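Have a look at the structure below, then the notes.
Residue numbers begin at 1 in each chain, while the letters A, B, ... track the order of the sequences. Nothing here was measured: the structure is a model prediction, and the numbers come from that model.
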Amino acid sequence: MAQPYNHRAVEEKWRKHWEEHPVNVNDGKKPKYYCLDMFPYPSGSGLHVGHWRGYVISDVWSRYKMLQGYYLIHPMGWDAFGLPAENYAIKMGTHPSITTAENIKNIKKQINQIAAVYDWDMEVNTTDPAFYKWTQWIFVKMFKAGLAYEKEMPINWCPSCKTGLANEEVVNGCCERCGSPVTKKDLKQWMLKITEYADRLLNDLDKLDWPEKVKKMQTDWIGKSYGAEVDFPIEGREEKITVYTTRPDTLYGATFMVLAPEHALASSLASEETRDIVDKYIFDSSMRSNVDRLQDKEKTGVFTGSYAINPLNGAKIPIWLSDYVLADYGTGAIMCVPAHDDRDFEFATKFHIPIVQVIAKDGQEIEHMTEAYTEASGTMINSGEWNGMESAVLKKEAPMIIEKMGIGKKTVNYKLRDWVFSRQRYWGEPIPIIHCPECGAVPVPEEDLPLLLPDVERYEPTGTGESPLAGIEDWVNTTCPCCGGPAKRETNTMPQWAGSSWYFLRYVDNKNDKALVDKEKARKYLPVDMYIGGVEHAVLHLLYSRFYTKFLYDIGAIEFDEPFTKLFNQGMITGKNGIKMSKSKGNVVSPDDLVRDYGCDSLRLYELFVGPPDLDSEWDDTGIDGVYRFLNRFWKMAMDNKDKDVPETPELTKTRHKLIYDITQRLESFNLNTVVSGFMEYNNKLIELSRKTGVDKTTLETYTILLAPFAPHIAEEIWEQLGHTDSVFTQAWPEYDEEAMKEDEIVIPVQVNGKTRCTISIAVNVPKEDVLSLAKDTLGDRIKGTIRKEIYVPGKIVNIVAK
RNA sequence: GCCGGCCUGUCGGAAUUGGCAGACGAGACGGACUCAAAAUCCGUUGGUGGCAACACCGUGUGGGUUCAAGUCCCACGGCCGGCACCA
């Protein structure tokens, strides 16, 4: 009688063994495969079953690639700077460097429970000076390239986190981290010119094997639009107002103009009569927060008292101010065509401004418009020499026409803004800049990097817009590397995204102090072939990383300009009713007890079995019994057969090839939940065969190799029990033979009028006529009426149509 | 408002190009083993009607295409996610 499966002993045994005998080795000959997880920030609360999922998926894929003969790059590290780590430290009253180190230790232990094949020699930590030396180096390079610049402007400010935020970090007007409403604050900020890369970031999406959803989100975020800038003279003044429009075809329909209250000319356009209300409007707008502006859709506005001249037809149109026009997009001023734009229509209706239709809708001019006609399709009307043209054609040509006329120019615009890069917080990389009264902003010389984050007593945010570093006089006061005169250090730190924008390059050469990554190693091991993580970084980390990679490519530090060839976003594991797992909700499921009671292999399988890997899944503890029973049944079947010397039968051969085929197909298409059910199905089949003929050794071995990426411990143990002294992971992924899978006899359904009535069993190459007559014989008098049509889809189905 | 995804038994979920809907698992019920329980093993499990063979209904709703629709087309509803006055 075989011993029952003891997961604790077996897993413990192989855990130790693999530590001493790593299975992923670089022999210098194998091609590389780089499979990367989004690295975690070392939080104090530890891992829950949701975190496991992504790591299990990437590990299964990694081990599969290993069995396919690749040398695997599968590293892990820590995104340890930033707000979460700092806030945790403040809450605990302990310095972030201490809590971070503790948290890393704990999480590493928890990650090791997964038994993933991480290569810990490659570990990186963004808070390690040897690492952030290069984070700072990249900043200096960007500064020298003119991509990092300082600007005083109103930026997004989180009053709770007490720091400025990038646009990408503001979600529905609130802080991405803490959910507090974001306000505006005038601050001198370091900015990165990501907009300079807008076109490349947009165009290169085409060459990426990424989920369409993420590409779409990045496309929308970059938000490229084509249009024209048109200059409108102001009546009685020298200046012109330039507007940006994507619909220059509707220029004749412009009946008013609106400027953002922050527009440079806004106040000066007021007349004596309107002076008071104009200034009040400008003041009131400046007091309104982002959230207010977003929530109040009801349009407000004031007439300035001035008029602009439509450069096409000389029409005099009133100039208004309204906060529905954004100051920092386009020119901060728009021409308004109420007949063909919803917002302009709403505004014109509210303030009784004329509406002039310039595109015929369904060939008609509408007497009283009740809504804007926004499509660019129809014939131009009321448009002078443009009358009769097709609006779709004109929309494309108008920018050139306008340019030729000298009243404007063809142009493009982006929603993407430059990246607000300074944070007024302690726990981040100090920005390596020295402010000299003589020389201006001077970068810290590259040979002086890293610029260490000073150890301080007080690291709480000040809330004033000053960084906590500003209070450390002997650190702040320094000398200018340029002129040697007294100077002050920049006291802002970098955002958390700084380290995560390039960390994946460092793994393959994490100890190099001469370069960010050695060229030769980069050529050999980079870029990332498969990147696995949650979708929440679609326009944050994933956009920033692409920007950094392109920059590093441009300065010749690396030789590729896209970091992640393929991307997979795993779905979230939620608690009951789809509620996100969180401490405050009390629905966090810890993997620790599950690993103890069911084993690592069971939990790995169940993480996959819960549902399709790309969709969110609700966690339900009771389901893990199913995979646990499966492993025990597989163990028993294997133990029952391993010493029996069962000869291979045609049925066993066929089953084995079909097994390889099914598992490989499902794995390749990333249907990992169905891979697990496939293993169960074939195990049931083998148990059945085991009773009939027994199961031969080749089939047992094949099954074991296939299972190894999913349940490595039990597979390794069975592999040994089957008489092998080497690791199952030194084997090659089995191949199937289509010929060997073919059945000689197949069962096909027979339908009458599309409803299945019976099945018939036929040999594969039976001619149509014979199949049909067998079908009709089997059906007998169940065919009612006369036969109108007989359909036979070879190998699939018979359908008799009768009436 | 715009864009994307999803909707299938009691539950999680399966279903290459349209071809036996409900694989696999959970739960439940029945049986074997046991003094008993757990574990394990065997069986049943979409609904309605029927002793039964079988028949009818059934993949969010309504319509359509087709010999055949969960799958394709049109309209509508619900849930989730992204963007949101970007001119």
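Here the nucleotide nearest the side chain of Glu681(A), chosen from rA23(B), rC20(B), rG25(B), is rA23(B). Of the listed nucleotides (rC24(B), rG81(B), rC85(B)), rG81(B) has the atom at the smallest distance from the side chain of Lys213(A). For Arg757(A), taking side-chain heavy atoms from C-beta onward, the closest of the listed nucleotides rC3(B), rG25(B), rC56(B) is rC56(B). Closest to the side chain of Val747(A), out of rC20(B), rC83(B), rC57(B), is rC20(B). Taking only side-chain atoms of Thr756(A), from C-beta outward, the nucleotide of rA21(B), rA87(B), rG27(B) with the closest atom is rA21(B).
For the pair Glu790(A) and Val801(A), the minimum side-chain heavy-atom distance is 4.5 Å or more.
Every residue was checked against the ring-ring contact (aromatic ring centres under 6.0 Å, His included) condition with Phe609(A), not counting sequence neighbours, and none meets it. Residues passing the side chain to side chain contact (heavy atoms under 4.5 Å, CB included) test with Lys768(A) are Leu772(A), Tyr792(A), sequence neighbours excluded. With sequence neighbours excluded, the residues that form a side chain to side chain contact (heavy atoms under 4.5 Å, CB included) with Asp328(A) are Leu326(A), Arg417(A). In this structure, the side-chain hydrogen bond (donor to acceptor under 3.5 Å, both in side chains) partners of Trp619(A), at least two apart in sequence or on a different chain, are Asp621(A). Listed by chain and number, the residues in a side-chain hydrogen bond (donor to acceptor under 3.5 Å, both in side chains) with Arg633(A) are Asn684(A) (sequence neighbours excluded). Every residue two or more places apart in sequence or in another chain was checked for a side-chain hydrogen bond (donor to acceptor under 3.5 Å, both in side chains) with Asp614(A), and none qualifies. Shown here are the ring-ring contact (aromatic ring centres under 6.0 Å, His included) partners of His263(A), two or more places apart in sequence or in another chain: there are none.
The only option from Met741(A), Lys685(A), Glu688(A) that meets the side chain to side chain contact (heavy atoms under 4.5 Å, CB included) definition with Thr655(A) turns out to be Lys685(A).
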If a protein heavy atom is under 4.0 Å from the base, mark B; if only from the sugar-phosphate, S; if neither, -; do that for nucleotides 67-74 of chain B going 5' to 3'. BS------
Scoring nucleotides 7-18 of chain B by protein non-hydrogen atoms under 4.0 Å (B base, S sugar-phosphate only, - none) yields -----BSS-BB-
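Base orientation for rG9(B): syn, the chi torsion being within 90° of 0.
Paired runs in RNA chain B that reach 3 or more consecutive Watson-Crick or G-U pairs, where each pair keeps both distances under 3.5 Å, cover B:1-7 with B:77-83, B:10-12 with B:24-26, B:27-32 with B:40-45, B:46-49 with B:54-57, B:60-64 with B:72-76.
Spacing between rC51(B) and rC67(B) at atom C1', rounded to whole Å, works out to 36 Å.
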Between N or O atoms, less than 3.5 Å apart, protein on one side and nucleotides 42-47 of chain B on the other: list the pairs.
from    : atom 1 : to        : atom 2 : distance (Å)
rC42(B) : OP1    : Arg691(A) : NH2    : 3.2

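With rounding to whole Å, Met680(A) atom CE is found 12 Å from rA23(B) atom C1'. Atom CG of Leu603(A) and atom P of rG25(B) are 19 Å apart (whole Å). For the pair Gln218(A) CD and rG82(B) P, the interatomic distance rounds to 16 Å; values are reported in whole Å.
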Donor-acceptor contacts under 3.5 Å from residues 407-415 of chain A side chains, at least two apart:
from      : atom 1 : to        : atom 2 : distance (Å)
Tyr414(A) : OH     : Asp199(A) : OD1    : 3.0
Tyr414(A) : OH     : Asp199(A) : OD2    : 2.7

